[in-house]
Amino acid sequence: RGEGDGVLYYTAHLNVRLWASEAKPINRGVNVSREYFLASDPETPVTAAQMGDVITVRVTMTLPEDVYYFVLEDPIPAGTEPVDTSLLTTSQQNQGPMLYPTYNPYWYWGWWYWDHTEMRDEQVNLYADFLPRGTYVYTYEVRATVPGEFQTMPSHAYAFYFPEVFGRGAGTLFTIEPKATEE
């Protein structure tokens, strides 16, 4: 501010804006990955679908240590809507959300780890008060409803009270193509 001896304090902020598809995965105690599959072909990952297609989302979480108060937030691509099989207006032919550990042949054993799940308009959330170490796979379905190219934010998993223990998956670009017209 003026001449003479003294201490100068300053703060610098850096804001970087990236496309969601350029976001790389981060593992700080939780490894998270997400893949999309057409419901008609659950073995081949896809990055595009046609309007009206049902898409199976598979989120894989690996925890090297036990985690208390675990949260998974998985944003869905814009242009899709989650298929909530708990609603009476949803076809019961669709597969409901499934969650299972991959290491356990009796995968249904341990379903009680997950205290709460939420299917929202923009994301699907999972909550567990206690989650033992291991690998877990969560699958649910979305329906492609609006054509376009959509940047999809990465999945984010973390310990609620210790946010330094977290993991983020990779962001993706998901394309929904208009339904082919028959001539």
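Quick note: numbers below take in every heavy atom, side chains included, and nothing from hydrogens, waters or symmetry partners.
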>> For the CG atom of L126 and the CG atom of L72, what is their distance to the nearest 0.5 Å?
In response: 5.0 Å
> Say you draw a straight line from CD of E81 to CG of D121; how long is it, rounded to the nearest 0.5 Å?
Replying inline: 7.5 Å
> Heavy-atom distance under 4.5 Å between the side chains of L63 and L131, does that happen here?
Replying inline: yes
>> Listing request: all ring-ring contact (aromatic ring centres under 6.0 Å, His included) pairs with a residue in residues 4-28, at least two apart in sequence or in separate chains.
In response: none
>> Centroid separation under 6.0 Å, is that true for the rings of Y140 and Y138?
In response: yes
> Between V30 and V59, is there a shared hydrophobic cluster once you connect ILVMFWY residues whose side-chain heavy atoms come closer than 4.5 Å?
Replying inline: yes
> Is it true that a side-chain atom of E118 and a backbone atom of N125 form a donor plus acceptor pair closer than 3.5 Å?
Replying inline: no
Would you give me the side-chain donor-acceptor pairs under 3.5 Å for residues 156-177, sequence neighbours excluded?
unit_1	atom_1	unit_2	atom_2	d
Y158	OH	E73	OE2	3.0
R168	NE	K24	O	3.4
R168	NH2	K24	O	2.7

> Can you name the closest pair of heavy atoms from A20 and Q151 and give their distance?
Replying inline: N-OE1, 3.2 Å
>> When you compare the side chain of V124 with that of I76, does any pair of heavy atoms fall below 4.5 Å?
In response: yes
>> Show the nearest heavy-atom pair for residues G29 and P64, with the distance to one decimal.
In response: O-CD, 3.1 Å
> For the residue pair G52 and R143, what are the closest heavy atoms and their distance?
Replying inline: O-NH1, 3.4 Å
> What residues form a salt bridge (Lys or Arg N to Asp or Glu O under 4.0 Å) with R34, not counting sequence neighbours?
Replying inline: D74
> Considering only heavy atoms from C-beta outward, does the side chain of P45 approach that of Y36 to under 4.5 Å?
Replying inline: no
>> Among residues at least two apart in sequence or on other chains, which ones pass side-chain contact (heavy atoms from CB on, under 4.5 Å) with P42?
In response: none
> If you measure from CG on D129 to NE2 on H116, what distance do you get to the nearest 0.5 Å?
Replying inline: 11.5 Å
>> To check you understand the geometry: which heavy-atom pair defines the closest contact between Q123 and P75, and what is its length?
In response: CB-CA, 3.6 Å
> What residues form a side chain to side chain donor-acceptor pair (under 3.5 Å) with T44, not counting sequence neighbours?
Replying inline: D41
>> Is it the case that the side chain of D66 and the backbone of R133 share a donor-acceptor pair, with hydrogens and angles ignored and the cut-off at 3.5 Å?
In response: yes
>> To check you understand the geometry: which heavy-atom pair defines the closest contact between E141 and M119, and what is its length?
In response: O-CE, 4.5 Å
>> When you compare the side chain of V46 with that of F37, does any pair of heavy atoms fall below 4.5 Å?
In response: no
> Which residues pass the salt bridge (Lys or Arg N to Asp or Glu O under 4.0 Å) test with E149, sequence neighbours left out?
Replying inline: none
>> Just to verify, which of T145, V142, D53 counts as forming a side-chain contact (heavy atoms from CB on, under 4.5 Å) with T80?
In response: V142
> With hydrophobic residues grouped by side-chain heavy-atom distances under 4.5 Å, do V57 and L38 end up in a single group?
Replying inline: yes
